[in-house]
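Just so we're clear, the structure is a prediction, and the values are computed from it rather than from any experiment. Atoms within each ligand, like the ligands themselves, are counted from 1 in listed order.
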Amino acid sequence: TGFTAVFLMVLTVFTSCTSGRVRVRGIFLTKGGQQQHYMNLGADDLNYQLECRIEGSTSHIVNVTWTLDNWGVVYTWVAATRSVTVNLPLKEHVKVPWEGVEVGPDIHFISPDVSMRGLYKCSVYHTSTDVMVNPVWDEYDLQMYAFFQGEYNISASVEKCTMYWSFSTPRMYPRPEVHCGFWNRTGHLVKELRGGLVFHQDVNYVWYVYARNTPVQVADIPRGTSFHCSTQVSIANYTKHTHLDEESIAQLLHDRVNDEGCPALPTLRNHMDVILVGCRYNCRGECHQYSSKPVIAEYRCDPGYWSYWETKNIVVRRWSLRVTCYDSRRIWVSEDGTKPLDLPYCIYSGSAVVLPCSVQLLVVVAILSWQLT
Ligand SMILES: *[C@@H]1O[C@H](CO)[C@@H](O)[C@H](O)[C@H]1NC(C)=O
Ligand SMILES: *[C@@H]1O[C@H](CO)[C@@H](O)[C@H](O)[C@H]1NC(C)=O
Ligand SMILES: *[C@@H]1O[C@H](CO)[C@@H](O)[C@H](O)[C@H]1NC(C)=O
Ligand SMILES: *[C@@H]1O[C@H](CO)[C@@H](O)[C@H](O)[C@H]1NC(C)=O
């Protein structure tokens, strides 16, 4: 053993002579000896270490000084005294020498919180003459995330043609990205609901996201979609999809959103009106058959207006067009079948002054023919 000791001593002298250079090889976040990408503050074991890996002869080190963002110096280790000084916000959250137990230049976290995240710089002051730079240093962006105890909560109710939705996340850090809305079958968010979503951060920087009883009109919801929220924390590769857990509401919503009837009938001409009989409207203003009788819609010119066909130069005093809703096919069919509609204009019966000459003439002819028949 005597020989070995001498040998080791020689070796030590040899290495310190050849590698007087001091260098910071990097800063590493570790836990239980394993390298980590970030701190998970929700974990039970929070004994993370921030290691400043120093290469070269430690005998040349004067002190190791850590700074953090705007906080300035947060941790210093002085080689000569092996003493440690800790400042806010690390104070009382990291290990310090205690009852003869030493703590080195690395930061040993005991109870980290999100105020301690940010850009750490480890500066090593040295006496090495081989290195021009003093201190040598490196930087590390310490990121954290945390998912605290708590549940995701999603609910919805439907009243008439309005859906009211609520959502809440557990507390977490950092600020999650939350997308609530209507997603299609291939997982695309087709309509996002942004209104009503509140991002709340408490004094401990921890986030909580919620929405309460936020209304959305069923008519504004795309068909073929379903409602849910996603919560993402990208640094942790974390994504959580929260679906409605109440089956009956999900079904009711699905039925309301996807319900389809005969489309709302447009007003086809000025002063032309459409009268519907036996129609039950859905949330989109579409029409369903109300009883056993099919829905009939009748187009007419308003009272005091006559019908005029420009192409045929005909005026008719009383005209109407009936269309029927085929509920099962969700289409309207006119009584004369599939022929393209030849719609008249509605002209004011007493508007001889306003109408162009040819039309005036026609009106007169029409009145005559009406009186003759
Ligand atoms: C570390 O050492 C440098 C160089 O000797 C000195 O200027 C600095 O004040 C020291 N820092 C602390 C906190 O002891
Ligand atoms: C849903 O969230 C509310 C508070 O937002 C809470 O009182 C309730 O217990 C939660 N429900 C579930 C099932 O977690
Ligand atoms: C879902 O939406 C995306 C983007 O709008 C579209 O490309 C995709 O075809 C849709 N899928 C279905 C099943 O509708
Ligand atoms: C997140 O996922 C990407 C791609 O899968 C991966 O390269 C990256 O290392 C992951 N990050 C973390 C922090 O796990």
Decide yes or no for L46 and F109: does some side-chain heavy atom of the first lie under 4.5 Å from some side-chain heavy atom of the second? no
Is there side-chain contact between L50 and D106, with at least one heavy-atom pair below 4.5 Å? no
Side chains of T30 and E51: donor-acceptor distance under 3.5 Å anywhere? yes
Scan for ring-ring contact (aromatic ring centres under 6.0 Å, His included) pairs involving residues 170-191, sequence neighbours excluded, and state none if there are none. F182-F227, W183-H228, W183-H241
Do ligand 1 and N63 have nitrogen or oxygen atoms that lie under 3.5 Å from each other? yes
Using a cut-off of under 3.5 Å, which N/O atoms of ligand 3 pair up with protein N/O atoms, and what distance separates each pair?
residue, atom, partner, partner atom, Å
ligand 3, 2 (O), N184, ND2, 2.3
ligand 3, 11 (N), N184, ND2, 2.8
ligand 3, 11 (N), T186, OG1, 2.8
ligand 3, 14 (O), N184, ND2, 3.3

For T76, counting its heavy atoms only, list the atoms of ligand 1 lying under 4.0 Å from any of them. 12 (C), 13 (C)
Determine whether Y140 and Y120 satisfy the following criterion, ring pair (Phe, Tyr, Trp, His ring centres under 6.0 Å), listing intermediate values before the conclusion. CA-CA 5 Å; Y140 181 82; Y120 282 78; 7.9 Å; no
Is the backbone of A146 close enough, under 3.5 Å, to the side chain of N40 for a donor and an acceptor to pair up by distance? no
Is C325 close enough to C262 that their SG atoms are under 2.5 Å apart? yes
